[in-house]
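What follows is a set of notes on a single structure, which appears directly below.
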Amino acid sequence: MGAYANLTSKGQLTIPKDVRDALSLKTGDMIAWTVMDGYLIGTPRNLDFADLAGFLGDPPGGPASLEEIDVAVRDAVGRHVVGDRSQGGREGDE
C-alpha cells in the first residue's frame with residue numbers, strides 16, 4: 001500500500017484515510033518517525049500492553065511467580081547500578 005500526503009506550511013502531514021484504516025490509527029495515537037537511508041519511516045505506537053501478551057511465546061522454565069519476578073528485577077537493577085554486565089545484561093546497554 002502506498003499513498004501521498006502534502007506537507008503544510010506548519011510542518012503537518014495528513015495521513016490518508018485508507019492508510020489510517022489499514023493501521024487502525026485513531027485520533028491521539030503516537031507515531032514514531034525515523035529517517036533511514038533518506039526515507040521517512042513512520043511506525044504506529046498504538047498497541048496496548050495487553051496486545052503483547054504471548055508475543056514471545058512461553059517463558060523458558062514455565063511461568064514465574066511474582067516473588068521470582070521481584071528477585072530478578074532487584075538483581076538486574078543492582079547489577080545496573082554497580083555496572084556489572086556479566087549476568088544477563090547486553091553489552092552496550094547503558
Leu25 side chain near Ile31 side chain, heavy-atom distance below 4.5 Å: yes

Cationic N near anionic O, under 4.0 Å, Lys17 to Asp21: yes

When hydrophobic residues are tied together by side-chain contacts of less than 4.5 Å, even through go-betweens, does Val19 share a cluster with Trp33? yes

Side-chain donor or acceptor of Arg20 paired with backbone N/O of Ile15 under 3.5 Å: yes

Heavy-atom side-chain proximity of Val35 to Ile41 below 4.5 angstrom: no

Show the nearest heavy-atom pair for residues Pro63 and Glu68, with the distance to one decimal. O-OE1, 4.3 Å

Looking at every heavy atom in both Ala64 and Ile69, which two are closest together, and how far apart are they? CB-CG1, 3.9 Å

Backbone N/O of Ala72 and side chain of Asp75: donor-acceptor pair under 3.5 Å: no

Can you get from Leu23 to Leu40 by hopping between Ile, Leu, Val, Met, Phe, Trp and Tyr side chains that sit under 4.5 Å apart? yes

Is there a path of hydrophobic side-chain contacts, each under 4.5 Å between heavy atoms, that joins Val71 and Val77? no

